[in-house]
There are 2 protein chains.
Amino acid sequence: MKKAPTIRDVAAAAGVSVSVVSRVLNPDSGPVAPAKREQVLNVIDELGYRPRAAARELSAGHALTVGLVVTDLANPFFAQLADRVVWEARSHGVQVVVMTTQEDPHLEAESLDTLLDRSVGGVIATPTGGNVEKWERLRDLGVNVVFVDRAIPDLSDVDVVSIENSDSARRATDHLIALGHERIGLITGPASTSTGRSRIGGYRAALESASLSLDPMLVRDVPFRGDGGGDAVGSLLASPDAPTGLIVANTAQVQSSVRRLVQMGVRIPGDLSVIVFDDNPWTELTSPPLSAIRQPIGMLALHSLELVLGRMQGRLPAGARTIEVMADFVPRSSCAAPARLATSKSATR
Amino acid sequence: MKKAPTIRDVAAAAGVSVSVVSRVLNPDSGPVAPAKREQVLNVIDELGYRPRAAARELSAGHALTVGLVVTDLANPFFAQLADRVVWEARSHGVQVVVMTTQEDPHLEAESLDTLLDRSVGGVIATPTGGNVEKWERLRDLGVNVVFVDRAIPDLSDVDVVSIENSDSARRATDHLIALGHERIGLITGPASTSTGRSRIGGYRAALESASLSLDPMLVRDVPFRGDGGGDAVGSLLASPDAPTGLIVANTAQVQSSVRRLVQMGVRIPGDLSVIVFDDNPWTELTSPPLSAIRQPIGMLALHSLELVLGRMQGRLPAGARTIEVMADFVPRSSCAAPARLATSKSATR
DNA sequence: CTACCGAGTGGAACCGGTTCCACTTTTGTA
DNA sequence: TACAAAAGTGGAACCGGTTCCACTCGGTAG
């Protein structure tokens, strides 16, 4: 366990001063004679010298690192997001420190403190919704913050990247309406989140333009964590006036909801037409394959990182940006006309 | 964008020297009068002071950070592993820098260099198999390395955490044999990896003790990346002498393999009994639900981190450790007796 | 022939912590 | 009461980079 060479070792071995070595390391920081540059590079190579990141960060005041704060990586949505962020960051020479919040504002606060200690250049986060003052502090201290997937409305001056939630929900609802469904269940994220509200909004809009009334009993907003999805499915279908179509618009609860449907032996689309938000690899392995809103996770990651890096390098104009990307609707065989269409219609009227 | 207070600001505001503040920050580094400690803590709280990690790392020579190097987070196995590692690390006040290799030794090498620059205290990795000298260098420089899921046999003095691959493969094979299968296909990882070899070993052992011969055509080792799984499935089933049972023991290729089975319309378990390695949440959502080897990912994460942290704190005896954890076999309805059992038996003899 | 300019260089301060050491003040014990 | 050991404190060096600045050379313009 020998120890690594420092810049002074290199300088000594090359017979130059540390200033010269530093200038070789950072090409635009001053002139170096071509001969000496060569010489220094040779020594660096010989000694296997690598600059210590900590020293650099200390003097620079900030790190070439971004924090990624998400709920948990066990959720495929976040896992894929993290995958793309890490990958994209790498190609820019930036490292990613990953932290998870489990949707708990306390854990989130802790993460933010830690990120601050590390002097990260930026943070990409799916905020829990709390910690408004902490986020503000971070921003005021010069850390570039980008919210992805969700936003905190009270918080100004923060970039946001998300999908067109309202529009996506609307398209899913329209699809079911077009098939003849009149009672459509919606399982969505908490109404306290921007995502939840937008999706409910899109759902409502679709119903309105089809002149269908919105039955509040059919809309269930369940928390992002826990077994809320499955329970909501159970209670929706237990109702005597059960829906014939269902949109699961709480990404985190898709798995739990589908599991319950399978357990209950609900025939899809015979008993129930189903559309899920977020197209995971397995959604086409179920029988039948599920119609889905496919979130362009790669795009979300790309834009988020682009914003953070852009701000870190100061090459973006001031003023927060909001980027909304389109999500595809992928029709598969989990949707069909409601079975009781004819009878129920005549019976109701 | 004001700037954060430093230890000297705190010292000045509290009317003490920086040494005292530092001792308050690191309780076991020297005595402080209770009154002054109180006073310093108050000032810290008032100013919202937080020590800069970079400065600390610079003088300590190493960081309270571990690197996690995996293939990619889009793979649920690694995503879950990362989730647990991040979670567990957090509770120890350690941050995790995640890097992905895409199974490419060059990218892996790049990651290791970066990790070295960051003076990480340890690395948890699923090695690609290359870069033996780089790993050695890392180890010699005092970075604690733990391999998880796979090992590099040429590399001594490195801790390894994995499941009992041989035993697991054997149990899966035994299960199919007990049902009456005699031709059992095996799709596994590259034979150049420790994981691949062990699983083939277990498979072979099971066949031998049942006095069945091993047909090399039934064993397909496919790379961890790409579409090898699906293709192997296709070619296995295209054979006139197709297997009646299949074990997909290449975790990374399970999804691709199952997708192909579904696409081909193979009836499970009617035409083919199937067992997959790694029990993802969706394996019970397919129809029928798939029998699986459930890797205790949490245990893998826990042990890996335990080892890394233990070594970082120097509270582990020298000498590499190998930890193998048991994997559960979860029988579901994707396995049954081979349909042609009676006829094929009489016909063959 | 001098004045001036720019390239090239090295010294030293600085970033914000930790730690060693010398020094003063308590304490405890003979 | 005397004197050693322990507790408490501050100064300053150090970790390994970056950067400012002063300085020495050439070469060129006046």
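Protein chains get the first letters and strands the later ones, always in sequence-line order, with residue 1 at the start of each. These values consider heavy atoms only, across backbone and side chains, with no hydrogens, waters or symmetry-generated copies.
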Q: Got a salt bridge between Glu57(A) and Arg118(A), using NZ or NE/NH1/NH2 to carboxylate O under 4.0 Å?
A: no
Q: Could you tell me whether Asp113(A) and Lys134(A) have a side-chain N and a carboxylate O separated by less than 4.0 Å?
A: yes
Q: With nearest nucleotide decided by heavy atoms, which residue, Ser17(A) or Arg8(A), maps closer to the 5′ end of DNA chain C?
A: Ser17(A)
Q: Pull out every residue in residues 36-51 of chain A that has a heavy atom closer than 4.0 Å to any atom of DNA chain D, ordered by number, or say none.
A: Tyr49(A), Arg50(A), Pro51(A)
Q: On DNA chain C, which is the earliest and which the latest nucleotide, 5' to 3', with an atom closer than 4.0 Å to a heavy atom of chain B?
A: dG16(C) to dT19(C)
Q: Give a yes or no on whether a salt bridge exists between Arg56(B) and Asp117(A), defined as a side-chain N under 4.0 angstrom from a carboxylate O.
A: no
Q: Identify whether any heavy atom of Thr6(A) sits under 4.0 Å from a base atom; if not, whether one sits that close to sugar-phosphate; answer base, sugar-phosphate or nothing.
A: sugar-phosphate
Q: Would you check if there is a donor-acceptor pair between the side chains of Glu108(B) and Thr128(B) at a distance under 3.5 Å?
A: yes
Q: Hey, does Val70(B) have a side-chain heavy atom less than 4.5 Å from the side chain of Phe77(B)?
A: no
Q: When you check the gap from the basic side-chain N to the acidic O, do Arg225(A) and Asp104(A) get nearer than 4.0 Å?
A: no
Q: Closest nucleotide of DNA chain D for Ser59(B) versus for Ser19(B): which of these residues is on the 5' side?
A: Ser19(B)
Q: Supply the atom-to-atom distance Leu141(B) CG to Arg50(A) CZ, rounded to the nearest 0.5 angstrom.
A: 11.5 Å
Q: Can you tell whether the side chains of Arg84(A) and Glu306(A) come within less than 4.0 Å, N to carboxylate O?
A: no
Q: If each of Ala33(A) and Val18(A) is mapped to the nucleotide of DNA chain C with the nearest heavy atom, which maps nearer the 5' terminus, i.e. the 5' end?
A: Ala33(A)
Q: Closer to the 5' end of DNA chain D via nearest nucleotide, is it Val20(B) or Leu58(B)?
A: Val20(B)
